[in-house]
Amino acid sequence: MAGVTIKDVARVAQVSVATVSRALNGHGNVAEEVRNRVLAAANELRYTPHAAARSLSSRRTQTLGVVLPDLHGEFFSELMRGIDQVARASRLHLLVSSYHGNPEEQGAALRAMRGRVDGLLVMSPYVAAPTILSEHLEPSLPAVLINSQAGLDGAAVIGVDNHGGAVAMVRHLVAGGHRRIAFIAGPEDNFDAHERLRGYRDALSELVPDARPWVVRGEFDEASGHRAGRELLAASPRPDAVFAANDMMALGCLFAFAQSGVRVPQDIALSGFDDIPLARYVHPSLTTMRVNIAELGARAARQLLARVAGETIPDSNAIALPTELIVRESSVDSGTLRNS
């Protein structure tokens with residue numbers, strides 16, 4: 001309905017204009033019955049707050065910025081799903097940008113957000129992220145870093161226990177009788193990849209002290225996992241287990257094994273990290289470390305909203321979400337799974 005104003009909503013809901021404003025902006029001093037009545041009236045009239053006027057009155061844009069290294073793939077889809085759920089519940093918009101893994105494009109994306117958003121969610125997985133971000137982040141703008149190295153003043157950090165998850169996976173493979181455990185690592189400048197490699201090395205040193213680390217480089221994508229799988233198959237002797245630093249590389253490796261007639265897990269056990277939705281639907285289904293990716297996005301968004309609202313959160317209070325070992329057919333005999 002064209003030309004609908006806040007006064008029209010107040011008239012239909014039979015409340016004051018101030019009450020409508022408080023209800024639509026999510027203030028707590030509005031009775032639930034009144035809030036529902038206001039929302040129903042606004043929906044009936046198809047009322048949309050004037051963004052510019054709203055921004056001027058509150059000095060808020062009602063928008064959160066999200067800057068990610070990429071938007072392609074199931075990981076980023078799940079992450080955005082969690083962020084979006086929190087934003088929608090708070091009647092906020094999202095301004096999303098991808099920098100395609102290019103630090104210079106990341107800086108441009110961060111600068112472009114200035115004045116357009118009330119706060120920023122940034123995934124900057126580079127090991128040198130604090131230095132990169134400090135050059136481009138507006139100091140006064142609330143920010144939460146996702147899966148990034150701690151150390152940037154004024155920004156909260158939320159991530160995953162990558163090291164602990166990698167240790168748990170190696171422990172699982174060793175418990176299955178495997179000793180020649182190869183690791184497909186992620187990019188060298190990626191913080192998640194660095195921590196997962198560190199966990200693999202630490203666990204192998206503790207659990208199989210006479211084994212040498214066997215590391216093949218990857219890029220967190222299917223193609224690099226496929227290349228790594230072919231490289232491992234050319235070795236003599238071959239590994240008896242492969243742990244990929246993420247599921248996409250594990251799936252590429254699984255395809256390489258299938259092409260060569262290598263049976264998983266009978267000939268070589270295989271595992272990944274993240275538990276993307278596809279992991280349970282391949283054959284054999286993939287053993288992995290579960291990261292609740294949507295919850296990671298939601299937790300980051302909730303923490304950002306708290307900072308935008310002015311709540312005090314210690315900068316040193318970095319949150320690491322726990323991981324969960326998910327055992328499927330790629331690392332154990334299917335009969336063992338049915339009987340467990």
Side-chain angles (χ1 to χ4, degrees), residues 69-70 73 75 101 123-130 145-151 157 159-175 178-232 235 238-254 256 268-276 279 286-291 293 296 318 320-326 330-331:
D70 206 337
F75 179 91
M123 179 179 282
S124 185
Y126 306 112
V127 173
L145 308 184
I146 305 173
N147 279 13
S148 303
Q149 188 172 12
V157 181
V160 173
D161 183 10
N162 292 296
H163 178 271
V167 169
M169 182 58 77
V170 174
R171 193 178 302 278
H172 163 70
L173 295 173
V174 170
H178 305 296
R179 295 297 179 268
R180 293 192 310 278
I181 303 173
F183 184 75
I184 306 177
E188 291 187 8
D189 64 347
N190 183 284
F191 180 66
D192 284 353
H194 180 272
E195 288 298 288
R196 293 174 191 183
L197 174 59
R198 186 170 69 89
Y200 161 77
R201 290 184 182 275
D202 287 350
L204 200 66
S205 174
E206 175 192 348
L207 301 171
V208 194
D210 58 338
R212 296 182 60 184
W214 189 343
V215 179
V216 180
R217 285 293 165 189
E219 295 296 330
F220 274 169
D221 59 11
E222 305 98 310
S224 64
H226 185 265
R227 288 193 301 270
R230 291 175 63 88
E231 179 180 334
L232 292 169
R238 291 172 172 175
D240 51 33
V242 176
F243 173 20
N246 79 342
D247 288 346
M248 299 308 292
M249 292 192 300
L251 296 180
C253 183
L254 179 63
I268 303 178
L270 179 65
S271 65
F273 203 116
D274 286 336
D275 195 28
I276 61 174
L286 184 65
T287 290
T288 186
M289 293 305 303
R290 174 172 292 168
V291 176
I293 304 169
L296 174 64
L321 298 185
T323 56
E324 177 188 359
L325 174 64
I326 303 298
S330 70
S331 69

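It should be emphasised that the depicted structure is a prediction, and the values quoted were computed from it without experimental measurement.
Using a 4.5 Å cut-off on side-chain heavy atoms (C-beta onward), R179 and V174 make contact. Looking at V242 and C253, their side chains come closer than 4.5 Å, going by heavy atoms from C-beta outward. Counting heavy atoms from C-beta outward, F273 and N162 have side chains that approach closer than 4.5 Å.
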Q | Test log, rule side-chain contact (heavy atoms from CB on, under 4.5 Å), inputs V215 and R201 | A | CA-CA 9 Å; V215 179; R201 290 184 182 275; 3.9 Å; yes
Q: Start with the C-alpha gap between L325 and M289, add the side-chain angles, then the distance that decides, and say whether side-chain contact (heavy atoms from CB on, under 4.5 Å) holds.
A: CA-CA 5 Å; L325 174 64; M289 293 305 303; 3.8 Å; yes
Q: Dump the intermediate steps for side-chain contact (heavy atoms from CB on, under 4.5 Å) on L296 and N147, then the final yes or no.
A: CA-CA 9 Å; L296 174 64; N147 279 13; 3.7 Å; yes
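The shortest non-hydrogen separation linking R238 to A235 is CG-O, 3.4 Å. Heavy atoms only, all atoms of each residue included: G272 and A250 are closest at CA-CB, 4.0 Å. In this structure, D247 and D274 approach most closely via the heavy-atom pair OD2-C, 3.6 Å. Considering every non-hydrogen atom in both A193 and P187, the closest pair reads CB-O, 3.5 Å. Contact detail for G186 and A245: the closest heavy-atom pair is N-CB, 4.0 Å.
A distance-only check finds no donor-acceptor pair linking the side chain of S331 to the backbone of S271 [under 3.5 Å]. With R171 contributing its side chain and A203 its backbone, the two residues share no donor-acceptor pair below 3.5 Å. Not a single donor-acceptor pair under 3.5 Å links the side chain of R180 to the backbone N or O of A241. T288 places a side-chain N or O within 3.5 Å of a backbone atom of D275 that can act as its donor or acceptor partner. At distances below 3.5 Å, not a single donor-acceptor pair connects side-chain atoms of D161 with backbone N or O atoms of A320. Between the side chain of N246 and the backbone N or O of F220, at least one donor-acceptor pair lies under 3.5 Å. Using modelled atom types, one side-chain atom of Y200 and one backbone atom of W214 make a donor-acceptor pair closer than 3.5 Å.
The local environment of CZ in R230 is sparse, with at most 12 non-hydrogen atoms from other residues, nucleotides or ligands closer than 6.0 Å.
The side-chain contact (heavy atoms from CB on, under 4.5 Å) test with P239 is passed by exactly one of I181, L232, V216: L232.
Looking at H172 and T287, their side chains never bring a donor and an acceptor atom within 3.5 Å of each other.
The aromatic rings of F243 and F183 stand perpendicular to each other, their planes meeting at an angle above 60°, with 30° marking the opposite boundary.
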